[in-house]
Each structure stands twice: as structure tokens, then as C-alpha cells.
Amino acid sequence: MDYQSTRSSIKASPVEAVLKGLAPDGGLFVYPQIRDLDFDWRSCVTKDFRSQSAMILSALLPGFGDESSIIEDSYRDKFGNDDIAPTVRAGSLYITELFHGPTSAFKDVALSVLPRLISHGKEMTGSSSETVILTATSGDTGKAALEGFSNVPGTRIIVFYPSEGVSAVQKAQMVTSSAENVEVCAVKGNFDDCQTGVKKAFTTIPQDLLDSLGKELSSANSINIGRLVPQIAYYFSSYSHLLAEGAIDLGDGIDFTVPTGNFGDILAGYYAKLLGLPIDTLVCASNSNSILTDFLHTGVYDTHREFLRTTSPSMDILVSSNLERLLYHSSGNDPEYVSALMTSLSNNGSYIISPEMLSAINRTFRGYHASEKEVADTIGSVWKEHHYLIDPHTAVAWCCAGKYLSENGSGRKMVVLSTASPFKFPRAVLEALGHDGSSDDFSLLDELSRVSGQQIPENLASLRTALVLHEDIVSPEGIRDYVISKLKNWSKNI
Ligand SMILES: *Cc1c(COP(=O)(O)O)cnc(C)c1O
């Protein structure tokens, strides 16, 4: 089974694709024949989440060893609920909750599996070097990656965060990380400074230095196919829940609304559909950074616009990397076409697809967006009507699901993916409920707990008393040397 770059005929085995992350030509790895896989989706929807995950892994990423034990190791002791992705109902909508992991956000699901794949993949290839993950974070990804890589053999991780750019809770989540193989460092600057510094470390640390220290550098962001595939399982899991509840019969089509940033989560839904799961429509929900909504309406992807900061920061993005994979699959697997679009994106900041391709994409994907006011109103009205508390990312999706349904009024069931616990964003949620959000983060957590009558998730509640273990701080120019000094230190301890 060969993966292939979206931009050329470069091929890679599943293991190579995961270990490399990005193809050497800058493209993303895809499996061109995914539609033709003989995947028994009917059997998959009768299984529990872990078995579904193992079945999907063995179909799409074979060659890493025993899939069931990889999945068991990935999720063991990490998810508070036995059910990793429970589905609940509020009125006529179904909500699949993806935030019961160690950092209360949906990235935990895939970031629990990817490190195991890297670790097993290295065993398979006989690589003896240690993989060091470098990550710049604006807040959420950092902690999810720290948890995911925590004590995974053969891996280490260094996370850089902007010293003034993250919330007190986010900072506390990171600097209290206690695993042996993790480092966390503040950067004097903003997120862009962090990202630029990390990119520079990737491109300027000499290969012979890495070789002599027995290290390889890698990244954990969502363009890695090993982060995408584990997410396919929760679409199957939602379908199973609806079946078990008697809401649908086997074979009935259902719709999903997905709060979207980098287009990874929603693309996993498309892959579930290509594997046979009866998904009719995927509603792509955006916040006021509505570039994807415009693209899905016009076929024009245009980054010439203002970057807006919203209450759903994990969806504040102008370039959604994984869209490239959808372009590949809906162009009839045409790497030349995709490559031309991506060249246009990097040269002109925009591209335009053909009307035929847009209508092919629109057969599954529909785009809607929610303004900041609509997000706050949705948090308020969902709480009032259903006594159900949602975070701003989920509220974006909820609002967009409503817009889609009022325009299209399908007879199908609609599932909204809920991607973060409301307790991760206590200020925005309290303000949406009409409360004062001006005190510090930890007081706001207590206040939200009091107002909602719900307990603060344990991983957030325990932060208040957790020991601070990481106090390093560097300038953006110092990131590269910081990485080198850590690499040298770690080599001494082997
Ligand atoms: C990352 C993230 C998203 C967006 O997911 P993509 O796969 O990047 O589209 C939505 N909600 C939350 C809470 C996230 O952390």
C-alpha cells in the first residue's frame, strides 16, 4: 500500500508517511485509492470506539504492528469517560463530545495515537535515533502534544509558547508537565515569533550535528496523516450511537457539522464517507475568519483579508492546510492540478478552482460561518433551552448547523462535533451567559462551576496546586541555540 504526495508522484509506505510528516516536495501524503478499499463499514459501526479505531488503522495505516494494542496503549488511563466520544442529544441535534481527554480538547484523540505510531514506526524501520518534536503553540496544541508524547519511548518534545500570548490556565497546563521526555520554554514575543524561531531551528540545525547526537527533528501538527486517521473513528462512533438509540436504521444517511480550522477534523469525516459510512453532508463551520465559507460558495480561496482574533482561537486561521488533501481527491487524484493551485497560493495568496470541481465538492461540503455575537447568543440560548453548556468552538458549529438546517431542512439527523470543554474558555462562556468575566482565570473556573452546577474537569482543577517545573524563557533568536543545548544534554544522559 503506497501513500502519495498531493503535488507529485513521490510515494511512501504508511510508516514512512507518518515518520516524514510532510512529503519532500512540500505536499501532503494521501492514499489515492481510499474509495476502492474493501472496508466493512457495517461491521465497524457495531463495534466500540477502540475496536473501530483499530479497524480503521489497519485499513488505512497498516505496517505499524498490532493495531489493537497500539490503540489500547494510546488511550489507556487518558480518557475520563470509558466512552472516548460519547454522543448526547439536545432537542433535535446530536452532539458528539470529543473533549474528555487529558487536556479537555479534541486534539487529545489524535495526539494520543500519533506518538505511538511514531514510536512503533521507528521500531519497524530499525531506526535507533531519538525523534525530537519541536512545536510552537498558541495555547491548545502545546499541552495536547505534551500529554501525547509524555513518556513515549524513542521520543522527546520541546514546546515553545509566547510568554504574553496564552491564558493563565493554558500556561499552567504546560509549565506543570512532569514527564521525563518533555521541555517547555516561554518565548519573549508573540505566536508568530515562536513559529518563525521554530521553523528556523528546523532549517538551520546542521544534519551532521543531529546525526552525531543521534537525534531527528519532527513536528506534531495536523498535516501528518498519522494525526488524521485516528480522527475517522468518531464519525463511526456517532453513527453507532444513533443506531443504538434507534434514531436511524442501518444505511440511513446522516449529516455532521464540524467546527473547522486547519480542515483536519472535517477531512476525517470525508474519509469516513469514502470508507462507506453513510454521511450525506459535512457542514464546514467557521468563525468570523470565514475564508472557507467563501471558498465553498465561490471556489475562490483568497487570503487577502484581515486575520481576526475571536473567542474560538483554535479556528482563527487563514491557511487551512488539509484542504489540499480534499483538492487532490476531488480533482480525480491530479497532483499537477493541486501543485498549480498551491503555487498560486504561495505566489499570489489565492487560487481558484474550476466550477465542476466546486460542484463536486459541494455535493458533500457546505460552508457557513458564525459572527462573534452569534457565538455568544448561541452559548446563551443553548444553556437556556437545553441546560447544556458549550464552549465557543462548539457554539460556532451549533449556530452553523442551525443555518444549514433552516436553509435546507433535511430529514436527516444532524450531529454537531463538540471540540472543547466549556471550562477551557471560562471567560467567553461566562460573558455569553451574562456574567462578569473580568477576574483571573482560576476564579472564573470556580465561577463557571458555580453558575453551571458542573464540576471543573480534574485536569484543569488540579492545575492550581500543581508544581511549576518549567521556567525557561528565551528570545525568539535564542530558540535555535536552546534546542541545540537540549539535544546535547539529552545525548549525555543516554
Ligand atoms: C483545532 C481545533 C479545531 C479545528 O480543528 P481542525 O482539524 O484544525 O479543523 C476546532 N476546535 C477546537 C477546540 C480545536 O482545538
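Atoms within a ligand are numbered from 1 in the order they appear, just like the ligands themselves. None of the values given here were measured: they were computed from a predicted structure.
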Decide whether an N or O pair under 3.5 Å exists between [X] and ligand 1.
{"X": "A105", "result": "no"}
{"X": "H393", "result": "no"}
{"X": "Q231", "result": "no"}
{"X": "A420", "result": "no"}
{"X": "D265", "result": "yes"}
{"X": "N262", "result": "yes"}

- prompt: ligand 1 versus F263, non-hydrogen atoms closer than 4.0 Å: side chain, backbone, both, neither?
  reply: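 Looking at F263 and ligand 1, just backbone atoms fall under 4.0 Å.
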query: Any chance the rings of F365 and Y270 have centres within less than 6.0 Å?
result: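 Yes, ring centres under 6.0 Å apart.
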- prompt: Given the side-chain rings of F39 and F236, with only the six-membered ring counted for Trp, is the space between their centroids under 6.0 Å?
  reply: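 Aromatic pair counts; centres sit under 6.0 Å.
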Among all protein heavy atoms in this structure, tell me which lies nearest to [atom], with the distance rounded to 0.1 Å.
{"atom": "atom 14 (C) of ligand 1", "answer": "K107 NZ, 2.9 Å"}
{"atom": "atom 3 (C) of ligand 1", "answer": "F106 CE2, 3.6 Å"}
{"atom": "atom 4 (C) of ligand 1", "answer": "G261 N, 3.5 Å"}

field: Sidechain-backbone polar pair: Q4 side chain, V30 backbone, donor-acceptor under 3.5 Å
entry: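 Checking the backbone N and O of V30 against the side chain of Q4, no donor-acceptor pair under 3.5 Å is found.
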- prompt: Looking only at atom types and distance, does a side-chain atom of D391 sit under 3.5 Å from a main-chain N or O of H393, one as donor and one as acceptor?
  reply: yes
field: Ionic contact status for R412 with D280, cut-off 4.0 Å
entry: yes
Enclosure of E164 CD (heavy-atom neighbours >12, cutoff 6.0 Å): no
Given Y328, F29, Y31, the one that forms ring-ring contact (aromatic ring centres under 6.0 Å, His included) with Y3: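 Exactly one pass, corresponding to Y31.
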- prompt: Does at least one non-hydrogen atom of P259 fall below 4.0 angstrom from an atom of ligand 1?
  reply: yes
message: For the residue pair S288 / S371, report whether a side-chain donor-acceptor contact shorter than 3.5 Å exists.
response: no
message: Under a 3.5 Å cutoff, is there a donor and acceptor pairing between the side chains of T6 and E324?
response: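 Yes, E324 and T6 have a side-chain donor paired with an acceptor closer than 3.5 Å.
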- prompt: For ligand 1, which atoms have a heavy atom of G264 less than 4.0 angstrom away?
  reply: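 Once the distances to G264 are compared, the set is 6 (P), 7 (O), 9 (O).
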field: Nearest neighbour of atom 11 (N) of ligand 1 from the list L98, T419, T260, on a heavy-atom basis
entry: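 Residue with the shortest heavy-atom distance to the ligand atom: T419.
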